[in-house]
Novice: 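Quick one: structure below, then a few questions.
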There are 2 protein chains.
Amino acid sequence: MEAPACEVLQTFYNRGEAANEMNIKDIAKISGVGISTVSRVLNNSGVVSDTTRARVLSVVKKYNYVPNSNARNLKKIQSNTIALMVKGISNPFFANMIKEVERQVHLRGCPLMIQQVEDGVDEVGAAMQLIKEKNLYGVIFMGGTYDHSEEEFRQLGVPFVLTTITTLKDVDPSAFSSVSIDDVQSAYKATSYLISLGHRHICFLARFPFRENTIGSRRLLGYKKALEEHGIEYDPALVEDCEYAPSFGFAAAKRLLNKNLGVTAMFAASDAIAIGAAKAVLSSGLSIPGDVSVVGFDGIEMAEYYHPSLDTVSQPGVEMAHVSVEILFDLIAGETANRHVVFESMLVKRGSSRKIN
Amino acid sequence: MEAPACEVLQTFYNRGEAANEMNIKDIAKISGVGISTVSRVLNNSGVVSDTTRARVLSVVKKYNYVPNSNARNLKKIQSNTIALMVKGISNPFFANMIKEVERQVHLRGCPLMIQQVEDGVDEVGAAMQLIKEKNLYGVIFMGGTYDHSEEEFRQLGVPFVLTTITTLKDVDPSAFSSVSIDDVQSAYKATSYLISLGHRHICFLARFPFRENTIGSRRLLGYKKALEEHGIEYDPALVEDCEYAPSFGFAAAKRLLNKNLGVTAMFAASDAIAIGAAKAVLSSGLSIPGDVSVVGFDGIEMAEYYHPSLDTVSQPGVEMAHVSVEILFDLIAGETANRHVVFESMLVKRGSSRKIN
DNA sequence: GATGTGTATCGAAACGATTCGACGAGCTTA
DNA sequence: TAAGCTCGTCGAATCGTTTCGATACACATC
């Protein structure tokens with residue numbers, strides 16, 4: 001997939017003029033008012049007579065003046081910037097959520113800073129750095145598993161929300177806000193469904209990093225719980241570790257099929273994995289759902305347009321993103337009670353699973 | 001897909017302490033040096049004796065001091081922030097590029113601000129606003145069609161790069177840098193391929209907004225050119241307008257199939273469209289490539305794992321993102337020559353097209 | 001000893017906003 | 001008429017940096 005770069009043009013470039021030449025002082029002088037009056041007009045704070053307000057606004061408009069946010073943030077010791085710390089920007093499920101977060105934050109007039117947290121880096125520490133540096137307004141953490149202590153969160157010093165992040169061990173819920181689904185219950189639901197269709201050899205594909213309490217391990221709990229309740233013995237050989245992307249799902253499913261364990265159903269902890277797994281099944285000459293039933297997780301659009309359309313445990317990603325921003329801005333507005341919103345996941349049946357004998 | 005929120009907990013929340021209590025003055029005092037010395041140490045500017053440097057750094061580390069970037073940016077009249085203006089964050093092809101942009105920008109120690117530009121808004125104006133407000137370091141524009149004049153670009157006043165944006169009419173290439181592929185040639189390549197396989201009734205699916213010179217219209221040019229060169233008459237009925245998402249591709253392909261025009265091949269201007277179109281074909285009981293050949297555009301992972309794997313015109317998105325950031329930072333570093341890098345697209349044959357009589 | 005040349009450091013003056021205490025003009029009220 | 005109040009406005013101080021001119025010392029040179 002390497003493609004050579006090809007230089008088509010090499011021409012001279014003249015750096016333009018300074019972007020913003022006007023400052024509040026200039027506006028004040030031109031308007032014939034004091035500096036603080038301009039400030040009050042722009043911030044709708046304090047009293048300003050209507051005529052003065054109109055005069056100032058017309059000058060602001062005429063010169064296309066935009067206040068310098070660095071100066072403002074410096075003085076107020078608080079910027080209006082929101083940061084989004086996210087694991088896996090390119091995962092379609094997150095991409096959709098990010099889109100909504102951006103939309104909602106933007107709607108509230110705040111710029112959004114996005115930082116990707118690679119696996120293994122200390123996301124809260126990274127956020128801490130940004131907060132100190134930029135005097136952020138608030139932070140949304142999205143995706144992953146957090147092992148941070150109550151104290152670490154407390155030290156952030158600005159409002160924050162944990163979205164689709166597995167609940168932390170030993171952290172007082174009053175110390176943070178969160179938006180999530182019940183992963184255990186959701187996986188339980190999907191697995192139970194497959195069992196109800198008569199499946200006994202159901203494999204489970206998810207990511208199991210070294211840490212405890214990850215999304216993968218929580219969904220595994222639900223999977224196990226369903227098996228147990230129906231008297232099916234848990235077989236570790238049916239569980240494959242794989243990252244949340246089609247290529248990994250493909251490889252994992254291939255490995256599973258090669259084990260010849262008589263698998264009749266596959267449950268993947270993400271649609272991306274499910275799509276890869278489905279491909280492995282189909283390209284092995286097996287059919288879905290004829291030979292193998294497949295159920296994914298997330299509810300991304302691509303799963304619906306796969307052929308066959310894939311069953312999935314759908315999360316209301318857009319709503320979750322929306323609520324995350326709402327909670328964050330409530331906290332910023334002074335709300336003191338942390339909230340924990342747990343959304344309901346939905347088992348969407350599209351025909352990639354079928355009843356067997 | 002509506003899911004009801006469920007409040008699980010409502011508990012008290014205590015806003016933490018101010019995030020950053022230390023400033024450069026404190027560090028100077030504690031270190032027993034002057035303010036400017038601390039500044040010089042932190043910025044590696046000017047001369048500082050090794051012993052002083054070590055002493056200051058130890059204090060900085062001890063108190064976990066992070067300089068306030070608002071103050072720095074204010075003084076320097078330049079922040080180190082890069083902004084990415086992007087159309088369609090959730091398009092998997094862009095999502096992948098965004099990921100790389102973030103990685104590369106972050107690697108260079110700069111925060112990244114992302115702003116989504118909805119269809120129809122003035123992206124350059126929005127960037128202008130941000131630049132004035134934040135004294136940005138540079139801007140990357142990604143995706144879409146820009147109708148802005150040379151003057152408008154010149155006014156931005158900071159380095160910028162246009163990535164995967166259709167070339168502008170009447171704008172001197174020396175006024176901007178760009179990273180792209182040759183859309184006309186790429187579409188020509190795909191269409192020619194289908195023609196070489198014997199197809200005569202090839203439909204084309206893309207987005208054609210009101211504006212001229214969009215990605216869709218440029219790819220249409222390539223499509224037409226191929227038809228013309230092979231003496232096939234262009235039939236507007238074979239061209240469908242549809243947005244870059246599976247659902248729209250699905251609907252468009254359905255419309256086409258219902259026209260009964262004897263279509264044997266579909267060329268979509270994006271893989272997302274192609275996946276939707278393929279679904280329409282398959283769910284109509286037709287086979288791919290048996291009855292209809294399908295070729296997409298972009299080279300997203302999902303297209304490879306579709307069943308059948310979809311042929312596509314692949315763009316080296318990650319490299320393009322990488323080079324965009326490189327060019328941007330070259331410009332920031334003082335490079336005065338604008339560059340226009342045109343990447344080579346690649347026709348990837350995976351078996352969703354076949355030779356016909 | 002007067003002068004020149006580095007080297008390491010210092011402090012004051014910005015940068016462009018917000019905000020608080022002050023103030024003048026125009027009222028009412030005693 | 002003086003005192004008290006309100007309304008609208010003003011300017012100085014401040015936020016935490018960077019940076020430039022000044023300075024202080026050590027040492028070499030004449």
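Order of the sequence lines sets the chain letters (A, B, ...), proteins ahead of strands, with each chain counted from 1. Since we're looking at a predicted model, the values are computed, not measured.
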Novice: Can you tell me how the ring of A:Phe160 sits relative to the ring of A:Phe141, calling it parallel under 30°, perpendicular over 60° and tilted otherwise?
Specialist: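 The arrangement is perpendicular - the two ring planes meet at more than 60°.
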
Novice: How many Å lie between CZ on A:Arg53 and P on D:dC7, as a whole number?
Specialist: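 Going from CZ in A:Arg53 over to P in D:dC7 covers 15 Å.
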
Novice: Return the value, rounded to whole Å, for the distance between atom NZ of B:Lys132 and atom P of C:dG16.
Specialist: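 Checked: the NZ to P distance equals 14 Å.
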
Novice: Given atom CG of A:Asp50 and atom P of D:dG8, what is their separation to the nearest angstrom?
Specialist: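 Rounding to the nearest Å, CG of A:Asp50 and P of D:dG8 are 8 Å apart.
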
Novice: Find the distance A:Ile77:CD1 to C:dG16:P and express it as a whole number of Å.
Specialist: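 Whole-Å distance recorded here is 20 Å.
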
Novice: What integer distance in Å separates B:Arg72:CZ from C:dG16:P?
Specialist: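 Atom-to-atom, B:Arg72 to C:dG16, this comes out as 18 Å.
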
Novice: Have a look at the helix from C:dG1-D:dC30 to C:dA30-D:dT1 and give the angle its two end axes make, five pairs each, rounded to 10 degrees.
Specialist: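 Roughly 70°, once rounded to the nearest ten degrees.
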
Novice: Which atom pairs, donor and acceptor, lie under 3.5 Å between side-chain atoms of residues 69-76 of chain B and protein residues at least two apart or in another chain?
Specialist:
from, atom 1, to, atom 2, distance (Å)
B:Ser69, OG, A:Glu133, O, 3.0
B:Arg72, NH2, B:Asn43, OD1, 3.1
B:Asn73, ND2, B:Ser69, O, 3.0

Novice: Could you check A:Val124 against A:His148 for side chain to side chain contact (heavy atoms under 4.5 Å, CB included), going step by step and ending with a plain yes or no?
Specialist: CA-CA 8 Å; A:Val124 174; A:His148 300 275; 3.3 Å; yes

Novice: To the nearest Å, how far apart are A:Asn70 CG and D:dG16 P?
Specialist: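 Atom CG in A:Asn70 sits about 15 Å away from atom P in D:dG16.
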
Novice: Please check this pair: side chain of B:Ser31 against backbone of B:Val33, looking for a donor-acceptor N/O pair closer than 3.5 Å.
Specialist: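 Judged by distance alone, no pair lies under 3.5 Å.
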
Novice: Listing time: all N or O pairs from protein to nucleotides 19-25 of chain D that are below 3.5 Å?
Specialist:
none

Novice: For C:dG16, does OP1 or OP2 lie under 4.0 Å from any side-chain N or O of A:Asn23?
Specialist: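 So the side chain of A:Asn23 is within the cut-off, an N or O lying under 4.0 Å from OP1 or OP2 of C:dG16.
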
Novice: What's the CD1-C1' distance between A:Ile24 and D:dC10, to the nearest Å?
Specialist: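 These atoms are roughly 13 Å apart.
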
Novice: Please determine, for the side chain of A:Leu74, which listed nucleotide (D:dT17, D:dT9, C:dG16) has the closest atom?
Specialist: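 Taking heavy atoms from C-beta onward, the closest nucleotide is C:dG16.
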
Novice: On DNA chain C, check which nucleotide each of A:Ala71 and B:Arg55 is closest to and give me the residue with the more 5' one.
Specialist: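 Taking each residue's closest nucleotide, the earlier one in sequence belongs to B:Arg55.
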
Novice: Please enumerate all residues that pass salt bridge (charged side-chain N to carboxylate O under 4.0 Å, His left out) together with B:Glu102, with sequence neighbours excluded.
Specialist: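 Testing B:Glu102 for salt bridge (charged side-chain N to carboxylate O under 4.0 Å, His left out), a comparison that skips the adjacent residues, returns none.
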
Novice: Test of understanding: with side chain to side chain donor-acceptor pair (under 3.5 Å), list the residues that count as partners of A:Asp26, not counting sequence neighbours.
Specialist: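 In terms of side chain to side chain donor-acceptor pair (under 3.5 Å), with neighbours along the sequence ignored, A:Asp26 is linked to no residue.
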
Novice: Does a nitrogen or oxygen in the side chain of A:Tyr65 sit under 4.0 Å from OP1 or OP2 of C:dA17?
Specialist: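 So the side-chain polar atoms of A:Tyr65 do come within 4.0 Å of the phosphate oxygens OP1 or OP2 of C:dA17, strictly under.
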
Novice: Is it the case that the side chains of A:Asn23 and A:Asn68 hold a donor-acceptor pair, with the cut-off being a distance below 3.5 Å and no angle test?
Specialist: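 Side-chain D/A pair, A:Asn68 to A:Asn23: absent.
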
Novice: According to side-chain contact (heavy atoms from CB on, under 4.5 Å), who are the partners of B:Leu42, at least two apart in sequence or on a separate chain?
Specialist: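 With neighbours one apart ignored, the set is B:Val38, B:Val60, B:Tyr65, B:Pro67.
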
Novice: Using atom CG of A:Asn73 as one end and atom C1' of C:dC15 as the other, report the distance to the nearest whole Å.
Specialist: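 In whole Å, C:dC15 C1' and A:Asn73 CG are 14 Å from each other.
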
Novice: Assess the residue pair A:Arg103 and A:Glu100 against the criterion (salt bridge (charged side-chain N to carboxylate O under 4.0 Å, His left out)); give the C-alpha distance rounded to whole Å, side-chain angles, the decisive distance to 0.1 Å, and a yes or no.
Specialist: CA-CA 5 Å; A:Arg103 227 176 60 86; A:Glu100 178 68 7; 3.3 Å; yes

